[in-house]
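Every chain is numbered from 1, with letters handed out A, B, ... down the list of sequences.
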Amino acid sequence: MTSTDIFALCATTLVGLGLFGIITNPQPLRKIVAFNVIGNGVFLLFGVVAHRGAAAGLGADPVPQALVITGIVVAFSATALAVALLLRLAKQTHLLTLEADDGSDGDLS
Amino acid sequence: MTFSLVRAAGFFGFWLILTGLSLADLAVGILAALVAMRASLVLLPPGQWRPRPLLLLRMALRFLIQSVLAGLDVAWRALDPRLTMEPGFIVFQPRSPPGPARNAFCAITSLLPGTLPCEEDANGDLLIHCLVVSPDVAPQLASEEALFLQALGGRPDHG
Amino acid sequence: MTLALDLLTIVGVSAGCFFFVAGTVGLLRFPDALTRMHALTKADNLGLGLIVLGLLPQAAGLGHALKLVAIWLLAQVSAAVASQLIAGAVLRQRSAIWP
Amino acid sequence: MALGFDISLAFLVVVLAAWTIQVHDTYSAVLAFVVFGLLVALIWVRLASVDVALTEAAIGSGVTGALLLSAAALLRPTESTVAPPGAAWCTAAGVVCAIITAGLGAIALLLPDPAPTLAPLAAANLPQSGLGNPVTGVLFVYRALDTLLEKVVLVLALVGVWSLAVDRLWGGIPALWPATCPDSTLTFLAQLLPSVGLMLGIYLCWTGADHPGGAFQGGALLTAMWLLVMLAGVRAAPATGLLSLRLLLVAGPTLFLVIGLSGFAIAGAFLAYPPGYGKPLIVVAEGALTLSIGVTLGLLAAGPAERAREP
């Protein structure tokens, strides 16, 4: 068992935990946080692959690293958009679920 | 003018700490120092303070010793099985005018032994949380503040 | 000479860690949020200072040493401000519960 | 010794992730997520990816954390209205997630040995670009199109966020809750720190050509300083309709695109750099991108307009 293997297992556990959070937590904001936990797990898997590909005097393969940097920034913009949508939803309906409502519309002013 | 130059020189010194001495970095460093100086002048316009370098140095040294004492004090209390303390609040009337000087003094106070400023009430008095409440705290803070104002070069009776 | 410098590093970093542990013990043992803020800011500030002091002899040149000191100063400013913000928030919460 | 450290680090990260998912209070969950992000950044350092570690600490933990914290505070009153799912449902989900974790784990442990790698190729071609940091090399030379498109994604996300404003507030001012006390130590921090942060941002961008750092990390630092100034109430948030602000937003991507298109004329391909001019062109593009990224991330965190513009 090397350090890289430990981190690989850590990354897969994060994916599982995040997925569990997305499925079981009814609050949308918690789903967004869980989505970020999954994202971190996937990025770490990339990191493990990069570290296994260390060669030519580089500590890790730079290509997956560059992809992860791009990924972190895109994950942030997705999170920001999701949070903005959520806040607008909460303002519009004064409710906070993604369940189908009973047909009565919220205040749409 | 000289004030801006002193700030710019300070920022440039910080740049040298970051990059070390190399010719290629210097041009960017000067640019960065000018940008930082502009930002700092916009955010914190120079006041009527005339800082005295020697007194500032003495205060920094005093502050260093005080913060070591503060750490020792807290560590001793945390590890002492009897957990001796009498926490509570005191009200302190600062003599420094509201604004950067008072805020800076609050920041310093929070690292001195046993004191933690919490909030400012409507009269401008500071509510300070103490690990051990005693009548000595307020005069001690007052003398620290006098030193601080002296080092900044302002008149203590101001405001 | 190297031995003396290494010794300084070992002593400095160990003492720094000791204060971090003491701060954490305070965080766990102190009775309320405000007293815990005392423990965290003051003990951790000294702990970080001692670790930086211990690492100074290992720095490659003056630039690196000054960088370490700059880290300590920035951490100190943020600790001072953050502790007051938290203390203020605690007080506002208290006065909301017991006006 | 190192293995022991790694095991405890991975364990802590997993515990924090579980806490983030399971704790009842959303605010605590987000706080745990911020700490989690910082520890993940430490894992990145252990995986010899310092550039990623900086990005994760600044954006993945810092700016995302600020955004989620403000959302959690705003949504707190509505929190108790939601009923959790039943135990059977949770157990089923837990079993499915455990199977997925186990499968992924097996795949991750059985990856081919020796691992396929592009590192030698990247290292061999790096001197041509004049850069010293292979990650910046990949971002701005080999995968420059990805980097360009990513900037476009950032701007598009911002357009999406802005379009959530009520019609009559279009072009108005984002609602950043101002500081609770008008003149406090927070004000002092917001007056003192930004100039130092600006220098560090410029430094990170500049040093990114040869050392860990770059446009994203530098830009995120600028964002942090800007958010600090706005939250402390030292300077108000800008109206989203300001022309100068919008020009700043697109300055980086546009300059990058112009450099890319001029590649057709001077080097024979899109996003190609003429020999010997690679590094200066990349540094110029990175400088503009840092500014644009800083502004875009800040506005993404600030959210849609909620106050009308003063006439």
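- The closest side-chain heavy-atom distance from D:Leu200 to B:Phe14 is below 4.5 Å.
- Side-chain contact between D:Met199 and B:Val35 is absent, with no heavy atoms from C-beta onward closer than 4.5 Å.
- Options D:Gly287, D:Gly201, D:Ser195 differ in how many heavy-atom pairs under 4.5 Å they form with chain B, and the most are formed by D:Ser195.
- Using a 4.5 Å heavy-atom cutoff, the side chains of D:Thr207 and B:Thr19 are not in contact.
- In plain terms, the two heavy atoms of D:Trp206 and B:Trp15 that are nearest each other are CD1-CZ2, 3.8 Å.
- In terms of heavy atoms, D:Phe188 sits closest to B:Asn103 at CB-CB, 3.4 Å.
- When every heavy atom of D:Arg235 is checked against every heavy atom of B:Val42, the shortest pair comes out as NH2-CG1, 3.1 Å.
- Proximity to chain B is limited to the side chain of D:Val229, based on heavy atoms less than 4.5 angstrom apart.
- One finds the CG atom of D:Leu198 at 8.5 Å from the CG atom of B:Leu43 (value rounded to the nearest 0.5 Å).
- Between the CD1 atom of B:Ile108 and the OG1 atom of D:Thr185 there is a distance of 11.5 Å, given to the nearest 0.5 Å.
- Both the backbone and the side chain of B:Phe11 have a heavy atom closer than 4.5 Å to some heavy atom of chain D.
- Options B:Ser40, B:Ala104, B:Ala39, B:Ala107 differ in how many heavy-atom pairs under 4.5 Å they form with chain D, and the most are formed by B:Ala104.
- The stretch residues 134-142 of chain B places none of its residues near chain D, where near means some heavy atom under 4.5 Å from a heavy atom of that chain.
- For D:Arg246, the CZ atom sits in a packed shell: over 12 heavy atoms of surrounding residues, nucleotides or ligands are nearer than 6.0 Å.
- Interatomic distance, CG of B:Leu18 versus CG of D:Leu204, reported as 9.0 Å (0.5 Å rounding).
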